[in-house]
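The chains referred to below are lettered A, B, ... by the order of the sequence lines, with proteins before strands, and numbering in each begins at 1.
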There are 2 protein chains.
Amino acid sequence: MAVTIKDVAKLANVAPSTVSRVIANSPRISERTKETVREAMKELGYHPNFNARSLANKSTNTIGIVMPNSANKTFQNPFFPEVIRGISSKAHQLEYGLYLSTGQTEAEIFEEVQHMVQGKRVDGIILLYSRVDDKVVDYLYKENFPFSVIGRPYDEKKRDITFVNNDNFKAAKTVTEYLLLLGHKNIAFIGGNLDFVVTVDHMEGYRKALSNAGMELLDDYVVFHEELQEGGQEAVIDLMSLNDPPTAMIVADDIMTFGVMRMLSEMEMKVPDDVSIISFNNVMISELSSPPMTTVDIHIYNLGFEACNLLIDQILHPETGSKQVLIPHKMIKRQTTQKLIQNVTSTS
Amino acid sequence: MAVTIKDVAKLANVAPSTVSRVIANSPRISERTKETVREAMKELGYHPNFNARSLANKSTNTIGIVMPNSANKTFQNPFFPEVIRGISSKAHQLEYGLYLSTGQTEAEIFEEVQHMVQGKRVDGIILLYSRVDDKVVDYLYKENFPFSVIGRPYDEKKRDITFVNNDNFKAAKTVTEYLLLLGHKNIAFIGGNLDFVVTVDHMEGYRKALSNAGMELLDDYVVFHEELQEGGQEAVIDLMSLNDPPTAMIVADDIMTFGVMRMLSEMEMKVPDDVSIISFNNVMISELSSPPMTTVDIHIYNLGFEACNLLIDQILHPETGSKQVLIPHKMIKRQTTQKLIQNVTSTS
DNA sequence: ATGAAAGCGCTAACAA
DNA sequence: TTGTTAGCGCTTTCAT
């Protein structure tokens, strides 16, 4: 059997509890005994048993990460490694471990979450997405279990949960206004899955900018797609088949933009000459498209980092209510947008 | 306090041990009592405490995933979500949980691994990379702790560890041969970090194909780069500055290829007219480059799935030595390769 | 087929 | 400042 606290205690000629206190670095132990105990630990190659600790002090020092359904390819989005990198970084600082959900469907995920909290497997949970109607959030909320979400709760009544978000409404509005300023009148919107709150917010920002400009939102110009690459491509087909095809597009996600640009180039449409494009996220690879894409940097890493920060805060100080953080965004102008070139042959 | 086995026992009028046996579905309990106990569990909303179980039966039913240093951007490669999806899928089937490493440097990672195994936090470990000289592998090997690696051990003496790999040597050789058949004589090789075994294998395959064709490997045509996007771009600059620039390139990774193509297009070089490119991995996004890239599909998902499979096998049956699995690869011809167009003005 | 009881390795309240 | 001791919630012999 492995070395236990008792072995160390015996060798150091102290009580097990003393050893325990040395591990916790309790100030109520003299430096001298701390030293002897530490030496004993080193000599025996002692390592604390994680499960025993957790059982005894009712805390696991690990946080659960719940990802959206990994069944579809959405999951290959570099967004995820990047949030996780952010979370990971903060977690490591504070010596928390990371436990990953493995469910592929909503039902499986929900069951897993229950296991995590009821089985006391984690001290808190981070949701990497925010759905419009999410059983998981409801559950965690009712159980009063520490959690934070990346995104925002859709339900206004749940404003008091902890979350970190971008101002997606504002971002989408700004981006639309920018295209308007460039002279575009026919601006399409290619959104993600409408079940996600971010999609709704983008949509509203787009709508607001149009209405501020005294323009109407045309249903034909608005497309939603769940799948990242096929989605982008299909959307382009639909949009370019219209009698009055758009001269600019707002795309929900950089990866989708790759699909959009691919299809456009197959149709021999030039970006940005024929169509301007702006998208969201600014994942690493988005500067490598041809041409490099204009996109809104949402600081993915920071989203993860802050979500973890807020969560651990909440775990450590449950009394100090919920917190909300807004991560600033920043439009990165690259080469997929330009002033509308008036088509001389066009008639109204 | 939460509901425990004792509460259930009391309500069902049995001993705690009986409840425990019902959880394990022991055949030595009558169906009748099983029923009553199950009802009691439902009535009380009982969920087994994970830590208590782990402590008592010395097994966690969770496996640790160790990623390479997430400090640099390499980590944003969609390769990772995809392997994890594979691992996750198998793990979920067999009801194993996933625990993630958070270290950013080699030293931190090594320390974490020690914690995982000594602290009995996981039952086994999957390494998502294989370095030429890896302390982690050495450690796990010496401790005789169950683990599997994605890639292969560099050291021939460690052939008896469990791993799942592609035949990267063969893949690189085939790809080189293909370019040779297309008439290319000046074929460059843009590899990843030489610390990784896969890079070495690619390199050897390339070398072998050349020597089989009676050609010499030119040092100038071989470049290694750690960083994915900058790397690709820098490599192109170096290569195209040569007196006799290559007409074809073999690139270690699809994401790097995006960088390569970006830089090429900045130089107004056309792909594949001026330069043919083949790369490796076939991540989802690689079909969305312009033009879509020819690449070797290494079946990332399967790598993860099998690595997990082998590991759990090993955990459950430690006596049945190590296993090795080779995942087949497949070249996906898209549009970044073509026959060499003889330049009429060229002289030798 | 079921119960009693010891123990997994650690923490924490209480004593000293 | 340190030791004693009673758990944490579950599994698992050993009885019955």
Atom-pair distance (CZ on A/Arg21; C1' on D/dT1), nearest Å: 9 Å
How would you label the contact of A/Asp7 with the nucleic acid (heavy atoms, under 4.0 Å): base, sugar-phosphate, or nothing? nothing
Give B/Phe50 one of three labels, base, sugar-phosphate or nothing, depending on what nucleic acid heavy atoms sit under 4.0 Å from its own. nothing
Whole-Å distance separating the CE atom of B/Met41 from the P atom of D/dC10: 11 Å
Is A/Ser17 side chain donor-acceptor paired with the D/dT4 base, going by distance under 3.5 Å alone? yes
Spacing between B/Asn61 atom CG and D/dT11 atom C1', to the nearest angstrom: 14 Å
Atom CG of A/Asn57 and atom C1' of C/dA13: how far apart are they, to the nearest Å? 14 Å
Output yes when B/Arg32 and B/Glu35 qualify as a salt bridge under the 4.0 Å nitrogen-oxygen rule, no when they do not. no
Regarding B/Arg159 and B/Glu156, does a basic nitrogen lie under 4.0 Å from an acidic carboxylate oxygen? yes
Is A/Arg131 paired with A/Glu106 through a side-chain N to carboxylate O contact shorter than 4.0 Å? yes
B/Ser20, nearest nucleotide to its side chain (from C/dT11, D/dG9, D/dT12): D/dT12
For the residue pair B/Ser101 / B/Glu112, report whether a side-chain donor-acceptor contact shorter than 3.5 Å exists. no
Starting at the 5' end of DNA chain C, which residue's closest nucleotide do you reach first, A/Ala52 or B/Pro27? B/Pro27
As a quick check of understanding, evaluate side chain to side chain donor-acceptor pair (under 3.5 Å) for B/Tyr301 and B/Ser89, giving each step before the final call. CA-CA 9 Å; B/Tyr301 177 90; B/Ser89 177; 2.9 Å; yes
Please tell me which of the listed nucleotides, D/dG9, C/dT2, D/dT2, lies nearest to the side chain of A/Thr18? D/dT2
On the side chain of B/Arg32, is there an atom forming a donor-acceptor pair with the base of C/dT2 - under 3.5 Å, no angle test? no
Is there a donor N/O on one and an acceptor N/O on the other, under 3.5 Å, for the side chain of B/Arg28 and the base of C/dT2? yes
Of the listed nucleotides D/dT1, D/dG9, C/dT2, the one nearest the side chain of B/Ile29: C/dT2
The side chain of A/Arg53 lies closest to which of these nucleotides: C/dC10, D/dT2, C/dT2? C/dC10
Do any N or O atoms from the side chain of B/Asp123 and from the backbone of B/Thr60 form a donor-acceptor pair under 3.5 angstrom? yes
5'-most by nearest nucleotide on DNA chain D - A/Lys34 or B/Ile23: A/Lys34
When you get a sec, tell me which of C/dG9, D/dT12, D/dC10 is the closest nucleotide to the side chain of B/Leu55? C/dG9
Atom CD of A/Gln118 to atom P of D/dC10: distance rounded to whole Å? 12 Å
A/Asn49 has an atom CG; how far is it from atom P of C/dC8, in whole Å? 11 Å
Figure out the CD1/P separation between A/Ile5 and C/dG9, and round it to whole Å. 11 Å
Between B/Ser30 and C/dT2, is there a contact of a side-chain N or O with OP1 or OP2 at under 4.0 Å? yes
Heavy atoms under 4.0 Å, any strand shown: does A/Val14 hit a base, just sugar-phosphate, or nothing? sugar-phosphate
B/Lys10 NZ to C/dG3 P: how many Å, rounded? 14 Å
Return no unless some side-chain N or O of A/Lys58 is found under 4.0 Å from OP1 or OP2 of D/dG9. yes
At under 4.0 Å between heavy atoms, what does A/Thr33 touch on the DNA or RNA strands: base, sugar-phosphate, or nothing? sugar-phosphate
